[in-house]
Trainee: 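Sharing a structure with you now.
Positions are given from 1, in the same order as the sequence printed here.
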Amino acid sequence: WLTYDVPSGAVLNNVIDATCTSLIVGGSSKTPAVTAPAGSRTIVKGYIVTSTLNSGANTLRQAILDANASAGADIIEFNIGSGLQVITLSASLPALSDATGGTTIDGYSQSGAQPNSNNTGPLNGIRNIVLRMSGAQFGALLDISSNNNTLCGLVIEDFGNSPFDMNGYLIKVTGNN
């Protein structure tokens, strides 16, 4: 992973590129094999979910509403304590509907989670965000009505046969169960 230190004056949806000529590992300076990773990265607006509540400040529901209200690409990440966290929802989440850029909901950002890295043997991915419906079903968990959205690293429970209503294009759903 390469982390960018983006200046406060950076403009959302512009791109950033970087080089890395040295690393400090265990107190020793190392030269990476690749010093100029291919491709630039888009600067996106980020939202951090810190609550397992159904609604209110710092919830997944509020993060989706905020991402929809913000033009351009967005990322929703999780930082809810450590380990496995269950978000119990009493109604469907707001639709992903920002037509100006895709939204990524990244369950792998939660502490201790990791995508599967074993392509030939047993799966070793760890998903630490569970979305669970409480009470009566109200339709799909999430209506994905805009384009270029990504959902990854989530566990979906108690949503019947169709947790997503997908009406957009270029939607990526990966590493969920």
Trainee: With Gln110, which of Val49, Leu84, Ile126, Asn128 fulfils side-chain contact (heavy atoms from CB on, under 4.5 Å)?
Mentor: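 For Gln110, the side-chain contact (heavy atoms from CB on, under 4.5 Å) test succeeds with only one of Val49, Leu84, Ile126, Asn128, which is Asn128.
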Trainee: Sub-3.5 Å donor-acceptor pair from the side chain of Arg127 to the main-chain atoms of Cys152, do we have one?
Mentor: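 Side chain of Arg127 to backbone of Cys152: no pair is present.
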Trainee: With rounding to the nearest 0.5 angstrom, report the CG to CG distance, Asn149 to Leu96.
Mentor: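 If we round to the nearest 0.5 Å, Asn149:CG and Leu96:CG are 4.5 Å apart.
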Trainee: So, does Ser51 use its side chain to make a donor-acceptor pair with the main chain of Thr59 at under 3.5 Å?
Mentor: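 Checking the backbone N and O of Thr59 against the side chain of Ser51, no donor-acceptor pair under 3.5 Å is found.
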Trainee: How long is the gap from CG on Asn58 to CG on Asp66, to the nearest 0.5 Å?
Mentor: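 The distance works out to 9.5 Å.
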Trainee: Ignoring hydrogens and geometry beyond distance, is a side-chain donor-acceptor pair present between Asn124 and Ser117 at under 3.5 Å?
Mentor: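 Yes, because at least one side-chain N or O of Asn124 sits under 3.5 Å from a partner of the opposite role on Ser117.
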Trainee: Hey, what do you get for OG1 (Thr52) to CG (Leu131), rounding to the nearest 0.5 Å?
Mentor: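 Here the interatomic distance stands at 11.5 Å.
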Trainee: Side chain of Arg61, backbone of Ala91: donor and acceptor closer than 3.5 Å?
Mentor: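 Confirmed, Arg61 side chain pairs with Ala91 backbone.
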Trainee: Please report the closest heavy-atom contact between Arg132 and Val86, naming both atoms and the distance.
Mentor: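 Between these two residues, the closest heavy atoms are NH1-CG1, 3.6 Å.
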Trainee: Testing Leu151, Thr104, Leu60 one by one against Ile76 for a side-chain contact (heavy atoms from CB on, under 4.5 Å), which residue passes?
Mentor: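 Result for side-chain contact (heavy atoms from CB on, under 4.5 Å) with Ile76: Leu60.
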Trainee: Looking at every heavy atom in both Asn118 and Leu123, which two are closest together, and how far apart are they?
Mentor: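 It is O-CD2, 4.5 Å.
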Trainee: Within the side chain of Asn68, is there an N or O that forms a donor-acceptor pair under 3.5 Å with the backbone of Ser97?
Mentor: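 Yes, Asn68 side chain to Ser97 backbone: donor-acceptor pair under 3.5 Å.
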Trainee: I need the minimum non-hydrogen distance between Ser111 and Gly81, along with the two atoms involved.
Mentor: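 Here Ser111 and Gly81 meet closest at CB-O, 4.0 Å.
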Trainee: Can you check whether Ile80's main-chain N or O pairs, donor with acceptor, with Gln85's side chain at less than 3.5 Å?
Mentor: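 Here the side-chain-to-backbone pair exists.
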Trainee: Side chain of Asn79, backbone of Thr50: donor and acceptor closer than 3.5 Å?
Mentor: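 Pair absent, no side-chain N/O of Asn79 close to backbone of Thr50.
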Trainee: For Tyr47 versus Asp74, what's the shortest heavy-atom pair and its separation?
Mentor: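 Shortest heavy-atom separation between Tyr47 and Asp74 comes out as CE1-OD1, 3.6 Å.
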Trainee: Measuring from atom CG of Asp106 to atom OG1 of Thr150, what distance do you get when rounded to the nearest 0.5 angstrom?
Mentor: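 If we round to the nearest 0.5 Å, Asp106:CG and Thr150:OG1 are 9.5 Å apart.
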Trainee: About how many Å separate CG of Leu93 and CG of Leu65, when rounded to the nearest 0.5 Å?
Mentor: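 If I round to the nearest 0.5 Å, the distance is 9.0 Å.
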Trainee: Are Phe78 and Ile48 co-members of a hydrophobic cluster defined by side-chain heavy atoms under 4.5 Å apart?
Mentor: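 No; Phe78 is not reachable from Ile48 via cluster members.
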